[in-house]
Amino acid sequence: MTLELLEGSEAIATSAIAAGCRFFAGYPMSPFTGLLENMSRQLPAAGGVCLNAESEIEGVNMTLGAAAAGARAATGSCGQGIALMQEAIAEAALNETPFVVFNMARNQQDYFQATRGGGWGDYRTITLAPKDVPEAVEHAQLAFHLADKHRAPVIFYGDPLLAQTRIGVSVRPLDFGPLPPKDWALDGTGGGTGRSRQVWTWAMGKATDPGPGPDRHWRAIAEKFAAIDAIETRSEQAHVEDAETLVVAFGSAAKFVEYVVEELRADGHRIGWFRPVTLWPFPGGALAAATAGVRRVLVFELNAGQMLDDVRIHAADRSAVRFIGGVSIAESGLAYGDLMDAPVIRDRILTACSEGGRS
Amino acid sequence: MERELVVTGVGGQGIQLLAKTLALAATREGRHAMLSADYGGEMRGGPSKASVVIGDRPLRALPVLASAWSAIVVHHRFSEPALARLRPGGPAILNLPLVAPASLPAMTTYGVDAGAVAKSVEAPQAIGFVLLGAYNAVTRLVDPASLVAAMQELLPPYRKQHAAANARALAAGAAVLDGPGADLTEVSR
Amino acid sequence: MTVIDTSQPPSEPARKVADFRPSLLLGEHSLCPGCGEPVALRVLLEVLQELDIVQRTIGVVGHGCYGSFVRIMDVDVLQCLHGRAPACATGIKRVRPDCAVFTMQGDGDMANEGLQEVLHAAARGEKITCVLLNNGVFGDTGGQLTAATVLGQRTKTSLEGRDAETHGYPIPVADLVAGLRGAAYVARGAVSTAGAVAQTKRMLRRAFETQLAGAGFSLVEILTMCPTGWFVPASEGPGYLGDSMEQAYPLGELTTWRH
């Protein structure tokens, strides 16, 4: 396995193209810009198209169009730009158009945005939160697979560390299993046959072949997301068996927490970690089991406490949950602040553990 | 074994290229490497920092290093935060005279007047490569030939004419410290 | 040249044009009496058939009364978000360049919600055909002011008539688009008279021919009657259109691409 030294953005772009992504449209915004530039450089050679869209709204709607026509398509931005895309993400969830949204976020403040939806209607967005560049390479392909599997938009939640760190990685196509055929996709051949296709949030069908209509369609969509919730949760954990303290974190922050917990473990602390890999569906069952025997559950995230809600919902004993994260932004506003640092995280964990007994 | 290097100085001194060259050289040798860059918006004059981690297995190190084994200090300005994370005893290459010889008492320090060495081999722009050559002579992290190949690979087409001067700078830097490097074989790969 | 033999009576008696229904129409429309939009749909579908591109055409339909046409047109269709049809059509065309891709949008959809989409698509020279059904009001919501409502027009949000002091001036979309280099064919027609319908059909045909030739972006703005939204009897719609909208929006070709 030959390793290539790739910047995260380039590794993610390369991986998405290896997964068959053939259309990309985005609007420059740091730290997403690197992904857009790499797509723009690489997609034409792969027979694809990358457009520097005139706005985020146009970018996501171009992507929706390309996906509705059957292509593996993606867009991206950071949280600020994805706020503008929410209407189209909701639309795609409801009219069942699969594409990938790369949120190369500036920080972890987009957890609610990713997991609660920002558009209208009863939908969720499957959200993958890789912890480092090698996992981002895997998730860049898994995201397309899950999108096609469930005919739903999928969010890839990255950050500046994933976008800008250069690391030796190997990118090759990954096989996640068979997918249903895209027989619903618009290819133009349905015209005049009496069986022309339609992609429509209201799903009312054609006069000669009525669809379920909004009531039945939207109930079916809600049921679909309930089914996804039941089967697509992913999580990782370590040292849970004898842990008195469990630290919960996602994305890059989880990589830092894992590093610190392993150090503390070596120092004799009875501590473990838990990482939701999918932010939605949230691995609530796994978290409930992992927290069953612990005295305290510490939540570390670089925001004012967003995943904290989900941890409280699912922890075996919600009174054991403590928040040790916080808002932390670099002076530039474009990257993490001082809180994303192993010594700082170590201090916060030890302080929380000293409140109410040694861990 | 993972080895971490922090390079710190001022934008325009060739810090990012130096770090990238080392990371690429290790990658081309089939090893695991990680490079984290940290620099302001300015092309020149602002803080510039990079860290490189090299190992023979998938790396455990974080993209924001908790601590580092070694350093190349190209300029004393802006260097304090990076140097505060060095583990005592490791090697540090100091760019004389911009960096005071006694500035890192807990480290095994090697002073190199990179500016003078670079001029002596008619490569005045290549002080970064002088320091990298010296660093690798001490640490033996990669084969010197890998550094030359990585440097050539990284040069954009419009800078290809600098390849020979850069190679001379790498060799001249190594020549300065080839002696003491023999004492550090236990930390080589 | 075909010479019609008039020495004998025709084999079939004459029929009204209105009795024909293009086979691409799957059913009756459900819009108000006197509405101009079904006429525009009909000529659009006839053009697709005459150009023999029915089985490689994808439509993108916005939000307005005409949105219900997705149920009665036998064409592959994406019903998209309000105003975003040119962006969606861009994505479709870029991954299916062999298809003919068109949008159907009203003036509320194109001039209000999605003006930047159509302008950007035109400037890019996107090889799609945008069809603007301009009746100068929001028909679907019951007759409110749009960005294309002509001066003096009474609507439910300009009860005394649109005056420039309060509501500003109407936007001539076709003229804006015609000012962009990427636009290869831009025309404005109407469906208020038999002659105008025939002219509009020729415009649509040229627009699609422009797209199929890969020459660039094409747009046909079609002035359509909305007697309900204008608060006039259905029978007076065509005459009212001629007296009001046609005065503000002159008919004709603004940009033509030559073979």
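Labels below follow one simple rule: chain letters A, B, ... track the order of the sequence lines, proteins then strands, and each chain is numbered from 1. Predicted model, so just to flag it, every value in this text is computed and none were measured.
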For B:Ala26, side chain to side chain contact (heavy atoms under 4.5 Å, CB included) partners two or more places apart: B:Ala33, B:Ile54, B:Val142
Rounded to the nearest 0.5 Å, how far does CG of B:Leu35 lie from CD1 of A:Ile167? 10.0 Å
Apply side chain to side chain contact (heavy atoms under 4.5 Å, CB included) to A:Phe256 and list each qualifying residue two or more places apart in sequence or on a separate chain. A:Leu161, A:Met340, A:Ile345, B:Leu62, B:Pro63, B:Val64
Please tabulate, one pair per line, the donor and acceptor atoms of chain B and chain A that lie under 3.5 Å from each other, or say none if there are none.
{"unit_1": "A:Glu4", "atom_1": "OE1", "unit_2": "B:Arg28", "atom_2": "NH1", "d": "3.4"}
{"unit_1": "A:Glu4", "atom_1": "OE1", "unit_2": "B:Arg28", "atom_2": "NH2", "d": "3.4"}
{"unit_1": "A:Arg166", "atom_1": "N", "unit_2": "B:Leu35", "atom_2": "O", "d": "2.8"}
{"unit_1": "A:Arg166", "atom_1": "O", "unit_2": "B:Leu35", "atom_2": "N", "d": "2.6"}
{"unit_1": "A:Gly168", "atom_1": "N", "unit_2": "B:Ala33", "atom_2": "O", "d": "2.9"}
{"unit_1": "A:Tyr259", "atom_1": "O", "unit_2": "B:Arg60", "atom_2": "NH2", "d": "3.4"}
{"unit_1": "A:Asp341", "atom_1": "OD1", "unit_2": "B:Arg85", "atom_2": "NH1", "d": "2.8"}
{"unit_1": "A:Asp341", "atom_1": "OD1", "unit_2": "B:Arg85", "atom_2": "NH2", "d": "3.4"}
{"unit_1": "A:Asp341", "atom_1": "OD2", "unit_2": "B:Arg85", "atom_2": "NH1", "d": "3.3"}
{"unit_1": "A:Asp341", "atom_1": "OD2", "unit_2": "B:Arg85", "atom_2": "NH2", "d": "2.2"}

Tell me whether A:Tyr27 at atom OH has more than 12 heavy atoms from other residues, nucleotides or ligands lying less than 6.0 Å away. no
Partner set under ring pair (Phe, Tyr, Trp, His ring centres under 6.0 Å) for A:Phe102, not counting sequence neighbours: A:Phe156
